[in-house]
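On a predicted model such as this, the values are computed, not experimentally measured, just so you know. Quick note on labels: first sequence line is chain A, next is B, and so on, each numbered from 1.
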Number of protein chains: 2
Amino acid sequence: MTNSTRAIDALSALGDPTRRSIFERVAAGPAAVGALAAGLTVSRPAVSQHLRVLKEAGLVTESAEGTRRIYRIDPRGVGAMRDWLDQHWDRALAAFSDFVDQQVEETP
Amino acid sequence: MTNSTRAIDALSALGDPTRRSIFERVAAGPAAVGALAAGLTVSRPAVSQHLRVLKEAGLVTESAEGTRRIYRIDPRGVGAMRDWLDQHWDRALAAFSDFVDQQVEETP
DNA sequence: CTCTTCCGTTAGTATTGACTTACTGTAAGT
DNA sequence: ACTTACAGTAAGTCAATACTAACGGAAGAG
């Protein structure tokens, strides 16, 4: 998978508010599925499904500890999003300053 | 609107694949609605609706030139997303290195 | 003034996907 | 072996939303 593809998946994954909550909780520290579901209004299977999407997007990793599955934040997806965003950040600044310059010329 | 709120809106907005396409085209350079729709498979009203969402998310700006509306990339939304992500980027690296250290200890 | 172009809005439809319930599986404790 | 705890899977429901078709409005050309 290319880095840009991962960035796309990560953006799609974080588009959902519930998944953002889950991701932010995982980002705060490693956690099991049950613990995550306890702090949310949705059921545990729902959390499990969201975690799978986040995992496929490269935003979290999974590791077993007995019957519990511990989820941790994954630098790959976060980094891919960061790279994708940095590209557009540069463009945004350039386009914006061009636009401002143009406005100044038209209204002296 | 707070900066974090704008980051949330921006993430939700870019969750849709069609909106990502539109956003990337606008990021490549200012464009009118018709020109954007011509390069996509969806109808012009659909593009118009997506642009409104992107505008409300602070990702693009609108300016009239006669009957045409020119859309440009907006640094505000892009910057808000960048800030939001940078927070988690730091956590991602820290959590990952902790995890690796722990794995090394357990399997010497 | 009329015609054309370009665009936003509205209403209605269709599709996506988020959620729950029920079930199955696995590991640890007794 | 039985029970308990924890989690993924499957199937079905329902709400959110992406999309099209039809309409209306503003600006420039003739």
J.: Roughly how many Å is it from CG in B/L51 to P in C/dC6, rounded to a whole number?
T.: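 Interatomic distance, CG of B/L51 to P of C/dC6: 16 Å.
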J.: May I ask you to evaluate whether A/S43 reaches the phosphate of C/dT20, defined as a side-chain N or O under 4.0 Å from OP1 or OP2?
T.: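 Yes, A/S43 has a side-chain N/O under 4.0 Å of OP1/OP2 on C/dT20.
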J.: When the distance from CD1 of A/I70 to P of C/dA27 is rounded to whole Å, what number comes out?
T.: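 The answer, rounded to whole Å, is 15 Å.
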J.: So if I take every side-chain heavy atom of A/R52 and compare against D/dC6, D/dA22, D/dT9, which nucleotide ends up nearest?
T.: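 Comparing D/dC6, D/dA22, D/dT9 against the side chain of A/R52, the answer is D/dT9.
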J.: Is the shortest side-chain N/O distance from A/T18 to OP1 or OP2 of C/dC19 below 4.0 Å?
T.: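 Yes, such a contact exists.
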J.: With a non-hydrogen cut-off below 4.0 angstrom, is B/A32 in contact with a base, only sugar-phosphate, or nothing?
T.: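 Since only primed, P, OP1 and OP2 atoms lie under 4.0 Å of B/A32, the category is sugar-phosphate.
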J.: Looking at C/dC6, I'd like to know if its phosphate oxygens (OP1 or OP2) sit under 4.0 Å from a side-chain N or O belonging to B/Y71.
T.: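 Looking at the OP1 and OP2 atoms of C/dC6, neither is under 4.0 Å from any side-chain N or O of B/Y71.
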J.: Grab the two heavy atoms, one from A/R91 and one from B/E24, that are nearest each other, plus how far apart they are.
T.: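 That closest heavy-atom pairing would be NH1-O, 4.0 Å.
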J.: Whether the side chain of A/R44 and the base of D/dG8 hold a donor-acceptor pair under 3.5 Å is what I'd like checked.
T.: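 Such a pair is found, so the answer is yes.
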J.: If each of B/D16 and A/Q49 is mapped to the nucleotide of DNA chain D with the nearest heavy atom, which maps nearer the 5' terminus, i.e. the 5' end?
T.: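 So the residue in question is A/Q49.
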J.: In whole angstrom, give the distance that lies between atom CD of A/E65 and atom C1' of C/dT26.
T.: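 Roughly 15 Å, once rounded to whole Å.
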J.: Measuring from B/L85:CG to A/R82:CZ, what's the distance to the nearest 0.5 Å?
T.: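 Going from the CG atom of B/L85 to the CZ atom of A/R82 covers 7.5 Å.
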J.: Could you state the atom-to-atom distance from CG of A/L54 to C1' of D/dA7 in whole Å?
T.: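 Between C1' of D/dA7 and CG of A/L54: 16 Å.
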J.: Within this structure, what is the CG-to-P distance between B/L36 and D/dC19, rounded to whole angstrom?
T.: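 So the CG-P distance, B/L36 to D/dC19, works out to 14 Å.
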J.: If you check every side-chain atom of A/H50, which of D/dT20, C/dC19, D/dG8 has the closest atom?
T.: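 Of all the options, the side chain of A/H50 is nearest to C/dC19.
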J.: Tell me which nucleotide among C/dC6, C/dT21, D/dC19 gets nearest to the side chain of B/T67.
T.: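 Among the listed nucleotides, the one closest to the side chain of B/T67 is C/dC6.
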J.: At their closest point, which heavy atom of B/D74 faces which heavy atom of B/V78, and how far apart are they?
T.: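 The pair with the smallest heavy-atom distance is O-CG2, 3.5 Å.
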J.: Kindly check if the number of other-residue, nucleotide or ligand heavy atoms within 6.0 Å of CZ (A/R68) is above 12?
T.: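 No, CZ of A/R68 has 12 or fewer neighbouring heavy atoms, counting only those of other groups under 6.0 Å.
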J.: Could you check how far CD of A/E62 sits from P of D/dT9, rounded to whole Å?
T.: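 Between P of D/dT9 and CD of A/E62: 9 Å.
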J.: Measure the distance from CD on B/E56 to P on C/dG8 and round it to the nearest whole Å.
T.: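 Taking CD of B/E56 and P of C/dG8, I get 13 Å after rounding.
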J.: Using 0.5 Å steps for rounding, measure from the CD atom of B/E62 to the CG atom of B/L54.
T.: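 These two atoms lie 12.0 Å from each other.
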J.: Counting only side-chain heavy atoms from C-beta out, which of D/dA7, C/dC6, C/dT21 sits nearest to B/R68?
T.: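 For the B/R68 side chain, the nearest candidate turns out to be C/dC6.
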J.: Would you kindly give the CG-to-P distance between A/L40 and C/dC19, to the nearest whole Å?
T.: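 Taking atom P of C/dC19 as the reference, CG of A/L40 is at 10 Å.
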J.: Is there a donor N/O on one and an acceptor N/O on the other, under 3.5 Å, for the side chain of A/R69 and the base of D/dG8?
T.: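 Absent.
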